[in-house]
Amino acid sequence: MHIAILVTNTDTSAFAARFPDDGAKFSALLGDRRPKWQFSVFAVYKGIFPESLDDFDGIVVTGSPASVHDKDIWINALLELLRQAVTRKLPVFGACFGHQALAMALGGMVEKNPTGWVFGRVETEVGNPAPWQAGGKLGVYAAHTEQVTRPPAGAIVLSDAPDCPIASFAIGDHVFTTQYHPEMTHDFIVALIEKVADGLGQKAAARARASLKRPADTARMATEIVQFFEMPRNS
(Lines give C-alpha, C1' and ligand atoms only; values in the text may rest on other atoms or scores of the structure.)
Protein backbone atom coordinates (compact mmCIF):
# COMPACT_ATOMS: atom_id res chain seq x y z
CA MET A 1 0.00 0.00 0.00
CA HIS A 2 1.42 3.37 -1.05
CA ILE A 3 -0.19 6.40 0.59
CA ALA A 4 0.31 10.04 -0.40
CA ILE A 5 0.23 12.36 2.61
CA LEU A 6 -0.73 15.89 1.57
CA VAL A 7 0.58 18.25 4.24
CA THR A 8 -1.48 21.43 4.52
CA ASN A 9 -0.11 22.66 7.86
CA THR A 10 1.27 26.16 7.31
CA ASP A 11 2.78 26.50 10.80
CA THR A 12 6.54 26.93 10.35
CA SER A 13 7.11 28.48 13.78
CA ALA A 14 9.84 27.53 16.24
CA PHE A 15 7.16 25.71 18.22
CA ALA A 16 6.25 23.53 15.23
CA ALA A 17 9.93 22.77 14.60
CA ARG A 18 10.16 21.11 18.03
CA PHE A 19 7.90 18.28 16.85
CA PRO A 20 7.66 15.96 13.84
CA ASP A 21 5.71 17.55 10.99
CA ASP A 22 2.28 16.25 10.04
CA GLY A 23 3.70 14.02 7.33
CA ALA A 24 5.84 12.27 9.92
CA LYS A 25 2.98 12.18 12.42
CA PHE A 26 0.63 10.40 10.00
CA SER A 27 3.40 8.11 8.74
CA ALA A 28 4.04 7.05 12.35
CA LEU A 29 0.33 6.69 13.17
CA LEU A 30 -0.44 4.43 10.22
CA GLY A 31 2.98 2.83 9.95
CA ASP A 32 2.64 1.55 13.50
CA ARG A 33 -0.35 -0.47 12.29
CA ARG A 34 1.07 -1.36 8.86
CA PRO A 35 4.90 -1.30 8.96
CA LYS A 36 5.21 -2.44 5.34
CA TRP A 37 3.19 0.44 3.91
CA GLN A 38 4.98 3.17 1.98
CA PHE A 39 4.29 6.85 2.63
CA SER A 40 5.19 9.74 0.34
CA VAL A 41 4.84 13.22 1.85
CA PHE A 42 3.98 16.31 -0.20
CA ALA A 43 4.10 19.85 1.23
CA VAL A 44 1.10 21.03 -0.75
CA TYR A 45 0.99 24.27 1.23
CA LYS A 46 4.27 25.06 -0.57
CA GLY A 47 2.76 24.12 -3.93
CA ILE A 48 4.38 20.66 -3.99
CA PHE A 49 1.88 18.12 -5.32
CA PRO A 50 2.07 14.53 -6.60
CA GLU A 51 2.90 14.41 -10.31
CA SER A 52 0.30 11.68 -10.79
CA LEU A 53 -2.35 9.97 -8.70
CA ASP A 54 -1.58 6.71 -10.50
CA ASP A 55 1.32 6.05 -8.15
CA PHE A 56 -0.84 5.82 -5.03
CA ASP A 57 -3.37 3.52 -3.38
CA GLY A 58 -4.79 6.29 -1.19
CA ILE A 59 -4.44 9.86 0.05
CA VAL A 60 -4.32 11.48 3.50
CA VAL A 61 -5.05 15.23 3.80
CA THR A 62 -3.78 16.75 7.03
CA GLY A 63 -4.98 19.54 9.28
CA SER A 64 -3.86 23.16 9.09
CA PRO A 65 -4.25 26.55 10.78
CA ALA A 66 -5.19 27.82 7.30
CA SER A 67 -8.85 28.13 6.34
CA VAL A 68 -10.39 26.42 3.33
CA HIS A 69 -11.85 29.86 2.55
CA ASP A 70 -8.39 31.40 2.10
CA LYS A 71 -7.57 32.47 -1.47
CA ASP A 72 -4.11 30.89 -1.66
CA ILE A 73 -3.33 29.23 -4.98
CA TRP A 74 -2.37 25.96 -3.31
CA ILE A 75 -5.82 25.61 -1.71
CA ASN A 76 -7.60 25.85 -5.06
CA ALA A 77 -5.12 23.34 -6.50
CA LEU A 78 -5.76 20.99 -3.58
CA LEU A 79 -9.54 21.17 -4.01
CA GLU A 80 -9.18 20.32 -7.69
CA LEU A 81 -6.88 17.38 -6.90
CA LEU A 82 -9.40 16.07 -4.38
CA ARG A 83 -12.19 16.28 -6.95
CA GLN A 84 -10.04 14.27 -9.34
CA ALA A 85 -9.27 11.66 -6.69
CA VAL A 86 -12.92 11.29 -5.71
CA THR A 87 -14.04 11.04 -9.34
CA ARG A 88 -11.72 8.10 -9.87
CA LYS A 89 -12.69 6.68 -6.44
CA LEU A 90 -9.18 6.75 -5.07
CA PRO A 91 -9.56 6.37 -1.28
CA VAL A 92 -9.08 9.70 0.52
CA PHE A 93 -8.95 10.31 4.27
CA GLY A 94 -9.18 13.90 5.54
CA ALA A 95 -8.50 15.20 9.06
CA CYS A 96 -9.66 18.63 10.29
CA PHE A 97 -8.67 20.96 7.41
CA GLY A 98 -8.68 17.84 5.21
CA HIS A 99 -12.23 17.02 6.32
CA GLN A 100 -13.31 20.57 5.51
CA ALA A 101 -11.41 20.64 2.18
CA LEU A 102 -13.16 17.48 1.00
CA ALA A 103 -16.51 18.95 1.94
CA MET A 104 -15.75 22.22 0.11
CA ALA A 105 -14.31 20.48 -2.96
CA LEU A 106 -17.46 18.40 -3.34
CA GLY A 107 -20.07 21.12 -2.78
CA GLY A 108 -20.50 21.14 1.00
CA MET A 109 -20.28 24.14 3.32
CA VAL A 110 -17.74 25.14 5.97
CA GLU A 111 -18.44 27.89 8.53
CA LYS A 112 -17.12 29.26 11.81
CA ASN A 113 -17.83 27.29 14.98
CA PRO A 114 -20.73 28.92 16.84
CA THR A 115 -18.83 28.63 20.13
CA GLY A 116 -15.39 29.65 18.85
CA TRP A 117 -12.30 27.53 19.44
CA VAL A 118 -12.71 23.84 20.19
CA PHE A 119 -9.55 22.58 21.86
CA GLY A 120 -8.46 19.48 23.75
CA ARG A 121 -10.11 16.09 23.98
CA VAL A 122 -13.65 15.80 22.62
CA GLU A 123 -16.03 12.89 23.03
CA THR A 124 -17.77 12.03 19.76
CA GLU A 125 -20.59 9.56 19.17
CA VAL A 126 -20.20 7.26 16.18
CA GLY A 127 -23.90 6.61 15.76
CA ASN A 128 -23.81 5.57 12.12
CA PRO A 129 -20.54 3.67 11.69
CA ALA A 130 -19.05 2.86 8.32
CA PRO A 131 -18.05 -0.78 7.63
CA TRP A 132 -14.45 -0.04 8.71
CA GLN A 133 -15.53 1.51 12.02
CA ALA A 134 -16.75 0.49 15.43
CA GLY A 135 -19.74 2.38 16.79
CA GLY A 136 -20.16 4.12 20.10
CA LYS A 137 -18.13 6.81 21.82
CA LEU A 138 -14.78 7.89 20.41
CA GLY A 139 -12.44 10.31 22.20
CA VAL A 140 -10.41 12.51 19.85
CA TYR A 141 -8.15 15.56 20.00
CA ALA A 142 -9.56 18.82 18.64
CA ALA A 143 -8.09 22.15 17.53
CA HIS A 144 -10.42 24.04 15.22
CA THR A 145 -12.44 27.23 14.75
CA GLU A 146 -14.39 26.08 11.67
CA GLN A 147 -16.50 23.05 10.88
CA VAL A 148 -18.52 21.46 8.10
CA THR A 149 -22.10 22.70 8.37
CA ARG A 150 -23.45 21.05 5.21
CA PRO A 151 -22.01 17.77 3.93
CA PRO A 152 -21.50 17.24 0.22
CA ALA A 153 -24.05 15.39 -1.88
CA GLY A 154 -23.97 11.65 -1.27
CA ALA A 155 -22.19 11.95 2.07
CA ILE A 156 -23.31 9.98 5.11
CA VAL A 157 -22.66 11.55 8.51
CA LEU A 158 -20.89 8.96 10.66
CA SER A 159 -20.55 10.78 13.97
CA ASP A 160 -21.40 13.93 15.89
CA ALA A 161 -20.06 15.81 18.87
CA PRO A 162 -21.18 18.68 21.09
CA ASP A 163 -21.51 21.77 18.88
CA CYS A 164 -20.36 19.75 15.84
CA PRO A 165 -23.19 17.78 14.20
CA ILE A 166 -20.99 16.68 11.27
CA ALA A 167 -17.95 15.36 13.11
CA SER A 168 -17.17 12.76 10.46
CA PHE A 169 -18.59 11.71 7.11
CA ALA A 170 -18.10 9.15 4.37
CA ILE A 171 -18.94 8.97 0.69
CA GLY A 172 -19.25 5.40 -0.48
CA ASP A 173 -16.17 3.40 0.39
CA HIS A 174 -13.68 5.96 -0.96
CA VAL A 175 -14.02 9.07 1.26
CA PHE A 176 -13.59 9.08 5.04
CA THR A 177 -13.17 12.22 7.15
CA THR A 178 -12.95 13.48 10.70
CA GLN A 179 -13.04 17.00 12.09
CA TYR A 180 -10.38 15.91 14.58
CA HIS A 181 -6.68 15.04 14.84
CA PRO A 182 -5.84 11.34 15.15
CA GLU A 183 -2.17 12.13 14.41
CA MET A 184 -1.68 14.29 17.52
CA THR A 185 0.09 12.69 20.47
CA HIS A 186 -0.76 13.51 24.07
CA ASP A 187 2.53 15.36 24.53
CA PHE A 188 1.90 17.47 21.45
CA ILE A 189 -1.66 18.52 22.39
CA VAL A 190 -0.47 19.41 25.92
CA ALA A 191 2.23 21.67 24.46
CA LEU A 192 -0.11 23.12 21.84
CA ILE A 193 -2.67 24.15 24.45
CA GLU A 194 0.01 26.03 26.38
CA LYS A 195 1.21 27.72 23.17
CA VAL A 196 -2.25 29.08 22.34
CA ALA A 197 -3.61 29.47 25.88
CA ASP A 198 -3.61 33.26 25.80
CA GLY A 199 -5.59 33.28 22.57
CA LEU A 200 -8.09 30.76 23.90
CA GLY A 201 -8.83 32.72 27.04
CA GLN A 202 -8.52 31.57 30.64
CA LYS A 203 -11.75 29.54 30.82
CA ALA A 204 -11.34 27.81 27.46
CA ALA A 205 -7.71 26.97 28.20
CA ALA A 206 -8.69 25.52 31.57
CA ARG A 207 -11.38 23.38 29.91
CA ALA A 208 -8.89 22.18 27.31
CA ARG A 209 -6.35 21.19 29.98
CA ALA A 210 -9.01 19.40 32.04
CA SER A 211 -10.22 17.45 29.02
CA LEU A 212 -6.83 15.74 28.73
CA LYS A 213 -7.32 13.78 31.94
CA ARG A 214 -8.72 11.03 29.71
CA PRO A 215 -6.66 9.75 26.77
CA ALA A 216 -7.78 9.96 23.17
CA ASP A 217 -8.69 6.74 21.35
CA THR A 218 -5.70 7.09 19.06
CA ALA A 219 -5.06 3.39 18.55
CA ARG A 220 -8.68 2.74 17.60
CA MET A 221 -8.67 5.64 15.14
CA ALA A 222 -5.44 4.42 13.54
CA THR A 223 -6.95 0.97 13.09
CA GLU A 224 -10.09 2.41 11.50
CA ILE A 225 -8.08 4.53 9.05
CA VAL A 226 -6.00 1.57 7.84
CA GLN A 227 -9.15 -0.56 7.61
CA PHE A 228 -10.69 2.15 5.45
CA PHE A 229 -7.76 2.01 3.02
CA GLU A 230 -7.86 -1.79 3.00
CA MET A 231 -11.55 -2.05 2.15
CA PRO A 232 -12.12 -4.34 -0.86
CA ARG A 233 -13.18 -2.23 -3.84
CA ASN A 234 -14.33 -3.06 -7.32
CA SER A 235 -12.66 0.00 -8.82
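If you're wondering where the values come from, they're calculated on a predicted model, not measured in any experiment. Scope of the values below: all heavy atoms of this structure, side chains included, with no hydrogens, waters or symmetry mates.
- Two residues are said to be in side-chain contact when any heavy atoms from C-beta on lie closer than 4.5 Å; Pro162 and Glu123 fail this criterion.
- Between the side chain of Thr178 and the backbone N or O of Ala95 there is no donor-acceptor pair closer than 3.5 Å.
- Residues Val44 and Val175 fall within the same hydrophobic cluster, defined by Ile, Leu, Val, Met, Phe, Trp and Tyr side chains chained together at heavy-atom separations under 4.5 Å.
- With contacts defined as side-chain heavy-atom distances shorter than 4.5 Å, the pair Ile225/Pro182 qualifies.
- With hydrogens and angles disregarded, a donor-acceptor distance shorter than 3.5 Å links the side chain of Arg33 to the backbone of Ala219.
- Side chains of Asp187 and Thr185: a donor-acceptor N/O pair is absent below 3.5 angstrom, by distance only.
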* **Criterion ring-ring contact (aromatic ring centres under 6.0 Å, His included) on Phe49 and Phe42, from CA distance to verdict** => CA-CA 6 Å; Phe49 286 81; Phe42 299 89; 8.5 Å; no
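- Considering all non-hydrogen atoms of both residues, Tyr45 and Thr12 come closest at OH-CG2, 4.1 Å.
- A donor-acceptor pair under 3.5 Å is absent between the side-chain atoms of Arg121 and the main chain of Ala142, judged by distance alone.
- A heavy-atom distance below 4.5 Å is found between the side chains of Ile171 and Leu106.
- The heavy-atom pair separating Pro165 from Asp160 by the smallest distance is O-CB, 3.4 Å.
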* Determine, step by step, whether Ser67 and Glu146 satisfy the side chain to side chain donor-acceptor pair (under 3.5 Å) criterion, reporting the C-alpha distance in whole Å, the side-chain angles of both residues, the deciding distance to 0.1 Å, and the verdict. => CA-CA 8 Å; Ser67 168; Glu146 295 182 317; 3.0 Å; yes
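- Note that CH2 of Trp132 is 10.0 Å distant from CD of Glu224, once rounded to the nearest 0.5 Å.
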* To do: Run the numbers on Leu212 and Ile193 for side chain to side chain contact (heavy atoms under 4.5 Å, CB included), then give the verdict.
  => CA-CA 10 Å; Leu212 300 183; Ile193 289 170; 3.6 Å; yes
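- The closest side-chain donor-acceptor pair between Thr8 and Thr62 falls under 3.5 angstrom.
- Between the side chains of Asn113 and His144, at least one donor N or O sits under 3.5 Å from an acceptor N or O.
- Judged by distance alone, the side chain of Asp72 and the main-chain N or O of Trp74 form no donor-acceptor pair under 3.5 Å.
- Heavy atoms from other residues, nucleotides or ligands lying under 6.0 Å from CD1 of Ile156 number 12 at most.
- Side-chain polar atoms of Gln227 and Gln133 form no donor-acceptor pair below 3.5 angstrom.
- Heavy-atom minimum distance, Ala16 versus Asp11: CB-O, 3.5 Å.
- The heavy-atom pair separating Ala161 from Thr124 by the smallest distance is CB-CG2, 3.8 Å.
- Arg150 contributes a side-chain N or O that, together with a main-chain N or O of Gly107, makes up a donor-acceptor pair within less than 3.5 Å.
- Side-chain contact check for Gln38 versus Ile3: every heavy-atom pair is 4.5 Å or farther apart.
- Heavy-atom minimum distance, Trp117 versus Ala143: CZ3-C, 3.8 Å.
- One distance of note links CG of Leu158 with CG of Asn128; it measures 6.5 Å at 0.5 Å rounding.
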* To do: Please assess Glu194 against Arg209 for the test side chain to side chain contact (heavy atoms under 4.5 Å, CB included), listing each intermediate value before the final yes or no.
  => CA-CA 9 Å; Glu194 297 314 310; Arg209 293 184 188 104; 2.7 Å; yes
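- Inter-residue side-chain proximity for Ser159 and Glu125 is flagged as unmet; no heavy-atom pair is nearer than 4.5 Å.
- A single hydrophobic cluster is not seen to contain both Tyr180 and Met184; linkage of ILVMFWY side chains at heavy-atom distances under 4.5 Å, directly or through other members, places them apart.
- Under the 30°/60° scheme for interplanar angles, the aromatic rings of Trp37 and Phe229 are found to stand perpendicular.
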* Test side chain to side chain contact (heavy atoms under 4.5 Å, CB included) on Gln84 and Leu53 and set out the steps. => CA-CA 9 Å; Gln84 293 175 17; Leu53 295 177; 4.3 Å; yes
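- Checking side-chain atoms of Gln147 against main-chain N and O of Asp163 turns up a donor-acceptor pair under 3.5 Å.
- With rounding to the nearest 0.5 angstrom, the CD atom of Glu183 is 10.0 Å from the CG atom of Leu30.
- Met231 and Val92 fall within a single hydrophobic cluster, where Ile, Leu, Val, Met, Phe, Trp and Tyr side chains are chained together by heavy-atom contacts under 4.5 Å.
- Side chains of Leu79 and Arg83 form a contact here, defined as non-hydrogen atoms less than 4.5 Å apart.
- In this structure, Leu78 CG and Ile59 CD1 are separated by 9.0 Å, a value rounded to the nearest 0.5 Å.
- With hydrogens and angles disregarded, a donor-acceptor distance shorter than 3.5 Å links the side chain of Ser168 to the backbone of Thr177.
- Between Phe97 and Asn9, the closest side-chain pair of non-hydrogen atoms is not below 4.5 Å.
- Considering only heavy atoms from C-beta on, Gln179 comes within 4.5 Å of Gln100 through its side chain.
- To the nearest 0.5 Å, atoms OH (Tyr141) and OG1 (Thr218) are separated by 5.5 Å.
- Between the side chains of Ser40 and His2, at least one donor N or O lies within less than 3.5 Å of an accepting N or O.
- Within the model, atoms CG of Asp32 and OG1 of Thr223 stand 9.0 Å from one another, a figure rounded to the nearest 0.5 Å.
- Using a distance-only test at 3.5 Å, with no hydrogens or angles considered, no donor-acceptor pair links the side chain of Asp217 to the main chain of Arg220.
- Under the 6.0 Å distance and 45° angle rule, Arg88 does not count as a cation-pi partner of Phe56.
- With sequence neighbours excluded, no residue satisfies salt bridge (Lys or Arg N to Asp or Glu O under 4.0 Å) with Lys46.
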* Asked: Given Ile5 and Asp22, is the side chain to side chain contact (heavy atoms under 4.5 Å, CB included) satisfied, shown in steps?
  -> CA-CA 9 Å; Ile5 301 177; Asp22 283 2; over 6 Å; no
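- Of all non-hydrogen atoms in Ala134 and Val126, the two that sit nearest each other are O-CG1, 3.6 Å.
- Panel note: side chain Lys25, backbone Pro20; a donor-acceptor pair is recorded below 3.5 Å.
- Met109 and Ile166 fall into different hydrophobic clusters, where Ile, Leu, Val, Met, Phe, Trp and Tyr residues are linked whenever their side-chain heavy atoms come under 4.5 Å apart, directly or through other members.
- Ring geometry for Phe188 versus Phe19: interplanar angle over 60°, hence perpendicular rather than tilted (30 to 60°).
- Val140 is connected to Phe228 through a chain of hydrophobic side-chain contacts under 4.5 Å among Ile, Leu, Val, Met, Phe, Trp and Tyr, so both are in one cluster.
- Using a 3.5 Å distance cut-off with no hydrogens or angles, the side chains of Thr149 and Glu111 do pair a donor with an acceptor.
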